[in-house]
Amino acid sequence: MLKRTRITDPEIYEIVADELRRQEHNIEMIASESTAPLEVMELSGCIFTNKTLEGYPGARFQAGSHEADRLELLGIERAKKLYGAEHVNFQVYSGSTANYGVYAAVLKPGDKVLSMRLDQGGHLTHGSPANFLSKVYEYDFYGVNPETEMIDYDELEKKAEEIKPRLIIAGGSSYPRLIDYERISKIAKAAGAYFMVDMAHISGLVAAKVIPSPVPHADFVTSSTTKTFCGPRSGFILCKKEYAKLIDKGVFPGSLGSMHLTTMAAKAWSMKYAASAEFRSIMKQILVNAKTLAEELSRLGFRIVSGTTDNHIVMVDLRSKGISGKLFQDALDEVGITVNKNQIPFDPASPLVTSGVRIGVTSITQRGLKEVEIKEIAEIMNQVAAAPEDEANLEACRERAEALIARFPLYPAGSFEDYNV
Ligand SMILES: *Cc1c(COP(=O)(O)O)cnc(C)c1O
């Protein structure tokens with residue numbers, strides 16, 4: 001896949017080849033990552049790169065759209081079937097732009113939005129002051145109960161009644177538990193609000209039906225396709241038929257330009273893959289692996305936020321170990337285990353330091369790791385936490401981690417021959 005670049009631009013080639021080495025030898029546990037199947041890579045770089053196209057099938061702004069029309073319609077059909085959705089917008093480029101598409105469709109500047117706090121599990125695109133949309137719409141936030149560390153639905157309900165938002169958002173990037181969509185849907189209805197679920201992290205688990213789907217309960221469901229969905233760098237929106245035109249207009253021309261037909265092709269392939277028995281068995285194992293990791297870390301003296309996990313994410317409070325999220329992340333990085341520091345609910349530490357880490361098991365589950373290996377990873381993590389600045393300790397941990405992951409190739413042998421790695 002790098003045959004020509006290797007000759008014409010050795011500098012770029014080296015960077016990409018090094019990235020393959022890094023991924024191959026590391027235990028990747030960033031919760032927002034997964035390993036894209038080879039077909040996804042093939043299609044993400046396919047001939048559709050050359051085609052510029054705007055509009056929707058039957059109402060395009062450029063000629064020469066016959067093949068692209070077939071592609072988009074096939075992807076939409078597959079997505080509808082996979083998620084049992086009435087309408088699909090298949091054009092958004094990512095999870096973020098899926099959210100922007102919904103905002104553009106249903107909100108006017110100054111409208112009120114109620115979403116989950118970023119530092120308790122939400123997402124930047126749900127109204128963080130750091131995101132430009134916080135200047136356009138008026139965001140308010142709900143959070144988790146300090147005891148259970150699960151969504152405080154009573155608080156959510158009270159806030160919804162009080163502020164009467166135009167839109168309520170559920171779903172986040174570091175919430176390890178199931179969400180009661182039915183309850184929030186009722187709250188939204190009573191408040192006269194639209195209900196959007198951002199399932200960016202869990203759309204693979206939902207597709208495989210190993211956790212409940214928000215589709216029957218939400219007006220709009222947005223997603224990224226790079227997390228548990230294991231697809232290309234893209235996204236999609238699902239909605240009820242009555243909102244089809246509104247949503248499509250919100251996406252184009254409301255917030256985006258021409259389509260990314262390459263990742264659309266890869267996304268359409270992924271919609272078929274996500275319906276397969278192979279995909280389903282990976283998603284099932286993800287739940288088992290995440291629970292195992294939470295139990296093992298807990299047994300080793302780490303505190304697990306909310307006590308456990310229902311999805312692919314384990315949120316760990318490191319205060320019982322006397323170390324910060326930043327220190328643990330950096331020490332694990334030296335060992336070849338990639339996680340990210342993350343604030344935990346009511347975190348006394350800043351977002352740059354944090355008291356916790358977020359750990360995800362999607363990539364390693366795709367590589368074939370099961371409970372036995374998860375337990376070993378938990379032990380390595382515990383050994384790192386015991387002396388995160390002791391070079392000899394980290395070296396010993398690195399050897400353990402390398403030996404473990406070497407038994408589980410990232411891709412079948414020979415897949416990247418022209419990377420020459
Ligand atoms: C990751 C994420 C997004 C953004 O998705 P991208 O595909 O990275 O743009 C949006 N919402 C949530 C909840 C996410 O976790």
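Whatever order the structure lists ligands and atoms in, that order sets their numbers, starting from 1.
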Closest non-hydrogen atoms of Leu287 and Asp310, given as atom of the first, atom of the second and distance, are CD2-O, 3.5 Å
Sub-4.0 Å heavy-atom approach of Met199 to ligand 1: no
Looking only at protein heavy atoms, what sits closest to atom 12 (C) of ligand 1 is Asp198 OD2, 3.3 Å
Out of all atoms in ligand 1, which are within 4.0 Å of some heavy atom of Ser224? Include the element for each. 5 (O), 7 (O)
Please collect all side-chain hydrogen bond (donor to acceptor under 3.5 Å, both in side chains) contacts where either partner lies in residues 227-239, sequence neighbours excluded, each pair once. Ser234-Lys267
Proximal atoms of ligand 1 relative to His201 (non-hydrogen, under 4.0 Å): 15 (O)
Would you mind listing which atoms of ligand 1 come within a distance below 4.0 Å of any non-hydrogen atom of His123? 1 (C), 2 (C), 3 (C), 4 (C), 10 (C), 11 (N), 12 (C), 13 (C), 14 (C), 15 (O)
Taking the six-membered ring of Phe302 (Phe, Tyr or Trp), confirm whether the NZ or CZ of Lys321 is under 6.0 Å from its centre and within 45° of its axis. yes
Please report the closest heavy-atom contact between Val361 and Thr365, naming both atoms and the distance. O-OG1, 2.6 Å
Before signing off on this row, confirm whether His126 and ligand 1 have an N or O atom pair separated by under 3.5 Å. no
Which bit of Ser94 gets closer than 4.0 Å to ligand 1, counting heavy atoms only: side chain, backbone, both or neither? both
What about Ser96: any of its N or O atoms under 3.5 Å from an N or O on ligand 1? yes
Polar contacts were defined as any N/O atom of the residue lying under 3.5 Å from an N/O atom of the ligand; does this apply to Gly95 and ligand 1? yes
Per side-chain hydrogen bond (donor to acceptor under 3.5 Å, both in side chains), Ser32 is matched among His312, Arg358, His201 by Arg358
I'd like to know if the side chain of Asn311 reaches the main chain of Tyr175, judged simply by a donor and an acceptor atom lying under 3.5 Å from each other, with no hydrogens or angles considered. yes
Any N or O of Thr97 that comes nearer than 3.5 Å to an N or O of ligand 1? no
Looking only at atom types and distance, does a side-chain atom of Lys159 sit under 3.5 Å from a main-chain N or O of Phe141, one as donor and one as acceptor? yes
Close aromatic pair by centroid cut-off 6.0 Å: Phe252 and Phe61: yes
for atom 2 (C) of ligand 1, nearest protein heavy atom and its distance come out as Lys227 NZ, 2.3 Å
Run the contact test for Gly172 against ligand 1 with a 4.0 Å cut-off on heavy atoms, strictly below, and give the result. yes
Determine, for Arg21 against Glu24, whether the closest basic-nitrogen to carboxylate-oxygen distance falls under 4.0 angstrom. no
Just to be sure I read this right, does ligand 1 sit under 4.0 Å from the backbone of Arg233, its side chain, both, or neither, counting only heavy atoms? neither
